[in-house]
J.: 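Please find one structure pasted underneath; my questions will follow.
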Protein chains: 4
Amino acid sequence: MPETTVAFLGLGQMGLPMALNLQRKGFSVTGWNRTPEKGQPLVEAGGRLAGTPREAVRGADFIVTMLGDPAAVRQVALGTDGFLAACRSGAVWIDASTIGPSAAREMAEAAARARVEYLDAPVLGSVKPATDGTLTFLVGGNPEALTRARPVLDAMGQSVHHFGAAGQGAAAKIVANMLTGTLVAALGEALALADGLGLERDAIVRMLMEGPAGAPIVRMKAPLMQSGDFPPAFQLRWMEKDLGLALLEAHRLGTALPAAAAAHGAYAAARAAGLGDQDFAAIAAFTRSVARGPAGPERA
Amino acid sequence: MPETTVAFLGLGQMGLPMALNLQRKGFSVTGWNRTPEKGQPLVEAGGRLAGTPREAVRGADFIVTMLGDPAAVRQVALGTDGFLAACRSGAVWIDASTIGPSAAREMAEAAARARVEYLDAPVLGSVKPATDGTLTFLVGGNPEALTRARPVLDAMGQSVHHFGAAGQGAAAKIVANMLTGTLVAALGEALALADGLGLERDAIVRMLMEGPAGAPIVRMKAPLMQSGDFPPAFQLRWMEKDLGLALLEAHRLGTALPAAAAAHGAYAAARAAGLGDQDFAAIAAFTRSVARGPAGPERA
Amino acid sequence: MPETTVAFLGLGQMGLPMALNLQRKGFSVTGWNRTPEKGQPLVEAGGRLAGTPREAVRGADFIVTMLGDPAAVRQVALGTDGFLAACRSGAVWIDASTIGPSAAREMAEAAARARVEYLDAPVLGSVKPATDGTLTFLVGGNPEALTRARPVLDAMGQSVHHFGAAGQGAAAKIVANMLTGTLVAALGEALALADGLGLERDAIVRMLMEGPAGAPIVRMKAPLMQSGDFPPAFQLRWMEKDLGLALLEAHRLGTALPAAAAAHGAYAAARAAGLGDQDFAAIAAFTRSVARGPAGPERA
Amino acid sequence: MPETTVAFLGLGQMGLPMALNLQRKGFSVTGWNRTPEKGQPLVEAGGRLAGTPREAVRGADFIVTMLGDPAAVRQVALGTDGFLAACRSGAVWIDASTIGPSAAREMAEAAARARVEYLDAPVLGSVKPATDGTLTFLVGGNPEALTRARPVLDAMGQSVHHFGAAGQGAAAKIVANMLTGTLVAALGEALALADGLGLERDAIVRMLMEGPAGAPIVRMKAPLMQSGDFPPAFQLRWMEKDLGLALLEAHRLGTALPAAAAAHGAYAAARAAGLGDQDFAAIAAFTRSVARGPAGPERA
């Protein structure tokens, strides 16, 4: 039986470990990345690197994209030398990027015109689950295409939720990240308030982790906030973008999301202050620097 | 050995089950409530009811207060016929109300003048843990007084965190509720966005409960939000008050808490819209009603 | 010389007085409205009413639209029996609706395909300036088309600002309304705070009207807020929509507008509370009802 | 007739020109400033400088304070060597600082104990009206004391509004600044949005200045925002403080002010980003830097 071939476009912090899992689990992977040197580990694992997206997808059974934002996906798929025109008919494009439902539906239509099946399949989980192959995929698109894609997804993750037609996986993802991003911003505010109130950080962090708001992401990020060191598992600029996507969709629908809008504003300001490349938990450092303002009226 | 006597002031939804646990575990409890009929179950369990706070505290070893807000505590303790003047010297006042650090320090000073030990000891947990005796106490005040109060606290809860001097338990509590209240408001926004995006509620609720923001409070409140039925475990008006206390302290310190401020505004608007007596998870119903506005620009 | 013919689509609170000004100043106006009875005054002034948009535009030199939102414009222009297909080649479509730059550019493209010139020409000013013929037009589109349309605009308004290509008039309009809507929401907050602080309303309103923030809109709306009576010059639901359009464009651009987002949330909540059909100054009544919450911690 | 003597405490950007106006109009002024060299122009105009607040107020008929925040006023009046203890009985203390109603009432009580009359008399207007003697005073306190103080106030300003008992002038001031600060923050957002939409700055600034939101403060600050140069007439850190005072009072009352809270967060972030010493119009530069984020989803 011939090997299943996968083109993997976007070998960044998330994409590379995902592509490596595919290669290790028996798929024949051809990768592409804007800066090719980042793809070397794939070659070392037995995969190949292509010079252009078009070259990468030629003849591939599956195309996986893991790119930064809607503009990047649009460019790589539909721009000059976009890959869609070079896919073989019937290939399945698994778009693991977080681009929001509107852009996902636009991609699904473009794929259909090129006789390619499109699945929006953004992930929950950052670098560690990508490396461990324990991501969660939130999928929208044709159920038949999903059935065909299952082995590819299973090689990279541990669970798959199907939310309906094309765009609904992307929709579910921005809902999830809207909640996570707002929670982590609120955690940063809680710690800044605790500081101001003179509460000992160790004790307050432990209490919050064990308390009613002690979500997995709180248990993961609160220790970073305590240490003040934010190695990027998921960059703050991406969380800014994801909250922005949620708000874009909300405003398309005529909906107000006040807490999410406030959190988005905080991430945007933190990015403008130079924290965009750190982990999004660095929002706590920003909030703390804002809190250390001119003494309040009753701070003596 | 004589029985340890406890005066319990405030036999509401939280106070009554707490007082019952004390009575059942061997303390001799005299309760008081503004509307006395609510205290009947305490009498049935072998306790007594007093007609005034002063009468209730006479001779008591411990006084526990579980009242609605700083004004209520101030009134019952220091107002006309306030109980502080009637306490025996050396009694310990355990204030389980959520009143914020400033009011707690004010009470500690008033207690000291009356030769009473003050512990601010607000709780994490609502009606069910109050009934089961599994509350968490966040305590500020004299360690020696805390040692003496331990058996009383242990009869009502399962864990005790000591955060320092008087006011620091209250401080930790408003930090905790600030985070919980903002998370639940954000959960309501996430579900309103999911509705607008056409995502099936069951699937999205399951995904959020299992995902990175799947805190205990999310797993507790998301099903209520799905059902649309909000029997009050913790009334929305109390969450509005607690976020307000957090913001009051923040502004005393000169600190901005944008996401918490947005959440507070949402609870206040929901209370103005008539949802104040429902569980605070009803914020989701309010956000949903706001979201169902005039169709957005791209809703066709 | 033959009369210049104008089709006027949308004879609502704004559209009707605008159409009447055109008819009175010598244009031959054929109006259309979804509910035809509202157009009667135009007939009484010598104009005509058509049964459908298509019938109205047949042979017209100019088409003016004054409709509620992007969906309504899209429907009337491009939907089943949309008028664009029935316009004579070379006609000029003046779209005075507030629909935002994206929808305006979409309309400009559709118009170009139908060989119709499109000007987005939303207005500053509400019912009174519409009646007096003193509106301000913010225009985007072809300068030559604007030159041809000048006499039509001059019959309805007193000044015209040209902001560039199609969509830029719509862009300027949402910028203007974003600022006005946020200012009026802030004015409502200022008065609610003044109430809470026990300041006499007459004195505070006078001071604010004469002070640094005493904009024309403040001098117009503060007296309504004082009286508590809000006859609709510009309905609150339209201000909600306009702020929503501004935020939609902002999120397309990746931009955070925190104060505008907060104001939008307030208008949305006020509309959900049943104030959508009143003047947008009714935001003050909503903010006041929210402010009258459970007494704050220091309100005794 | 003996000269009327005035002690003027706080010879900063506002205080110095105010003191100079008093000296020039015939009062005998003794100034004090933490950094004495700033007071030299007063000596050159014929006044005196004292080494301490106590020395300055000795024998004075009036004491005027123009200090930065409640903590500074508390320190100078009540701290070690605070001036109140050294005032002659019956002197009138005119506090032109912006400290909010709670601190003003606290000062009024302290003054009463020292047999000094207290007027809270914060001003509308910044450096230019302070220099021209055209400030507006918002006064709270005893009407009789105000009558006595009128000549002093008239030497520094052009109008006086009396709002009631002590604290009510301070209350009116924070209401006024809450509105002004939110309007200027919204103006910065409007210009950032206009930039993103590609609108020409000159045209949009002109339109906003002439439009419904064209308040005096808009006509004053929009040109600074256009030029990008922000010489401090009123420092951004003071506007952050004033909005913080408004929010502190609001939270004491249990009131939510969402737009003001969002604006306060923006000023706080701008101050943390290093803009605190510039004019508060620099909020526009901050908002612009935040807006220039990662391209939005549809900026392609």
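Values below: every heavy atom of this structure, side chains too, minus hydrogens, waters and symmetry copies. Residue numbers start from 1 in every chain, and the chains themselves are labelled A, B, ... in the order their sequence lines are given, proteins ahead of strands.
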J.: Heavy-atom distances under 4.5 Å only: say whether A:A185 touches chain B with side chain, backbone, both or neither.
T.: neither
J.: Starting at OG1 of B:T182, measure out to CG of A:L187 and round the result to the nearest 0.5 Å.
T.: 10.5 Å
J.: Tell me which of these, B:P101, B:P216, B:P212, has more heavy-atom pairs under 4.5 Å with chain A than the rest.
T.: B:P212
J.: How close do B:V175 and A:A190 get, heavy atom to heavy atom, and via which atoms?
T.: CG1-O, 3.6 Å
J.: Taking C-beta and beyond as the side chain, do A:L183 and B:V218 meet within less than 4.5 Å on heavy atoms?
T.: no
J.: I need the residue from A:A262, A:G188, A:P258 with the largest number of non-hydrogen atom pairs under 4.5 Å to chain B.
T.: A:P258
J.: Top residue by heavy-atom pair count (under 4.5 Å) with chain B, among A:L199, A:L138, A:I217, A:L193?
T.: A:L199
J.: A:E189 side chain to B:A259 main-chain N or O, any donor-acceptor pair under 3.5 Å?
T.: yes
J.: Nearest 0.5 angstrom please: B:L257 CG to A:T287 OG1, how far?
T.: 8.5 Å
J.: If you count heavy-atom pairs within less than 4.5 Å of chain A, which of B:T180, B:T136, B:L179, B:V184 leads?
T.: B:L179
J.: Go through the atoms of A:Q168 and report whether side chain, backbone, both or neither lie under 4.5 Å from a heavy atom of chain B.
T.: both
J.: Please round to the nearest 0.5 Å and tell me the distance separating atom CE of B:M178 and atom CG of A:L191.
T.: 9.0 Å
J.: Atom CD1 in B:I174, atom CG in A:L197: separation rounded to 0.5 Å?
T.: 5.5 Å
J.: First locate atom CE of B:M207, then atom CG of A:L124, and finally report the distance between them rounded to the nearest 0.5 Å.
T.: 6.0 Å
